[in-house]
Amino acid sequence: MSKHLLVGADPERTETWIKFTGNDLCHTCRATCCSLPVEVRLKDLIRLGVIDEFEAGEPAKQIAKRLSKEGIVGRFNQKSGIFTLEQHSSGDCLYLDQKTRLCTVYANRPDTCRNHPKIGPKPGYCAYQQKALHNR
């Protein structure tokens, strides 16, 4: 498959995603996966340093309320216990640097990010979009 066929993947349309063939794709990608909603659990929030072990014992709904006020959590599903991180107005993850397109919390990133694209909307595939060849 030639690179010019890979440029236009649409994160909203999984049928446009390409088979993930290894991290070499990540080096030329504009972090399209970071515009997908990032679901996290309490252990991810601890790893990110936004809550501590002690606070993790409090009701999750209370944690979600505080983190929502702080602009860290956009949604909380009480039934599943899953939080969704807030996104920039562009749709990018809260922790994605808007200029460099690099993760600002990479070493502490949530399991959702660590396991992508093995898990997710289309396991084994990614919404690859090539980085611009020149800066604007």
Side-chain angles (χ1 to χ4, degrees):
M1 190 178 285
S2 65
K3 283 282 186 197
H4 72 276
L5 294 176
L6 303 177
V7 176
D10 179 353
E12 301 289 324
R13 296 178 40 234
T14 57
E15 68 272 11
T16 66
W17 292 21
I18 64 159
K19 183 114 176 102
F20 183 72
T21 58
N23 290 341
D24 57 315
L25 277 178
C26 299
H27 298 294
T28 59
C29 185
R30 63 178 312 274
T32 313
C33 56
C34 299
S35 66
L36 299 172
V38 178
E39 294 180 342
V40 297
R41 296 188 180 275
L42 286 173
K43 67 180 180 174
D44 297 306
L45 296 173
I46 293 169
R47 187 183 312 124
L48 287 167
V50 297
I51 67 168
D52 58 29
E53 294 277 348
F54 178 76
E55 187 180 8
E58 295 179 13
K61 188 174 181 178
Q62 183 176 326
I63 294 169
K65 185 175 181 178
R66 179 181 69 79
L67 294 178
S68 178
K69 285 181 182 176
E70 293 179 14
I72 296 170
V73 167
R75 291 183 304 276
F76 173 63
N77 182 316
Q78 192 166 356
K79 185 175 179 182
S80 66
I82 295 176
F83 302 80
T84 303
L85 293 179
E86 189 62 72
Q87 293 174 282
H88 290 287
S89 60
S90 65
D92 289 337
C93 174
L94 169 69
Y95 295 111
L96 184 69
D97 184 287
Q98 299 289 279
K99 291 182 181 176
T100 65
R101 307 287 303 160
L102 296 174
C103 180
T104 61
V105 294
Y106 188 80
N108 298 319
R109 69 197 184 280
D111 284 342
T112 298
C113 305
R114 292 171 185 267
N115 294 319
H116 182 79
K118 291 179 268 181
I119 61 168
K122 189 173 182 180
Y125 288 78
C126 67
Y128 176 88
Q129 288 182 355
Q130 190 171 11
K131 284 182 183 175
L133 298 176
H134 62 288
N135 292 335
R136 293 179 190 206

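If you read the sequence from its start, that first residue is 1, and numbering goes on from there.
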* **Atom CD of E53 with >12 non-hydrogen neighbours under 6.0 angstrom** => no
* Structure fact -> In this structure, CG of D10 is separated from OG1 of T32 (nearest 0.5 Å) by 9.5 Å
* Asked: Heavy atoms, side chains only, cut-off 4.5 Å: are I51 and R66 in contact?
  -> yes
* Note, E39 side chain near S80 side chain (heavy atom, < 4.5 Å) -> no
* **pair L85-D44: side-chain heavy atoms closer than 4.5 Å** => no
* To do: Taking side-chain contact (heavy atoms from CB on, under 4.5 Å) as the test, write out the residues that go with L102, two or more places apart.
  => T100
* E86 CD to L67 CG distance, which is reported to the nearest 0.5 Å -> 11.0 Å
* Do L42 and I63 have side-chain heavy atoms sitting under 4.5 Å apart? -> yes
* Heavy-atom count around E12 CD within 6.0 Å, excluding the residue itself: above 12? -> no
* **Contact summary for S35 and P11, nearest pair of heavy atoms** => OG-CG, 3.8 Å
* Where does the angle between the aromatic ring planes of W17 and H116 fall among parallel (under 30°), tilted (30 to 60°) and perpendicular (over 60°)? -> perpendicular
* To do: Answer yes or no: are there more than 12 heavy-atom neighbours, outside R114 itself, under 6.0 Å from its atom CZ?
  => yes
* Answer yes or no: is there a side-chain heavy-atom contact under 4.5 Å between R47 and D111? => yes
* To do: Measure the CD-OG distance between Q87 and S89 for me, rounded to the nearest 0.5 Å.
  => 10.5 Å
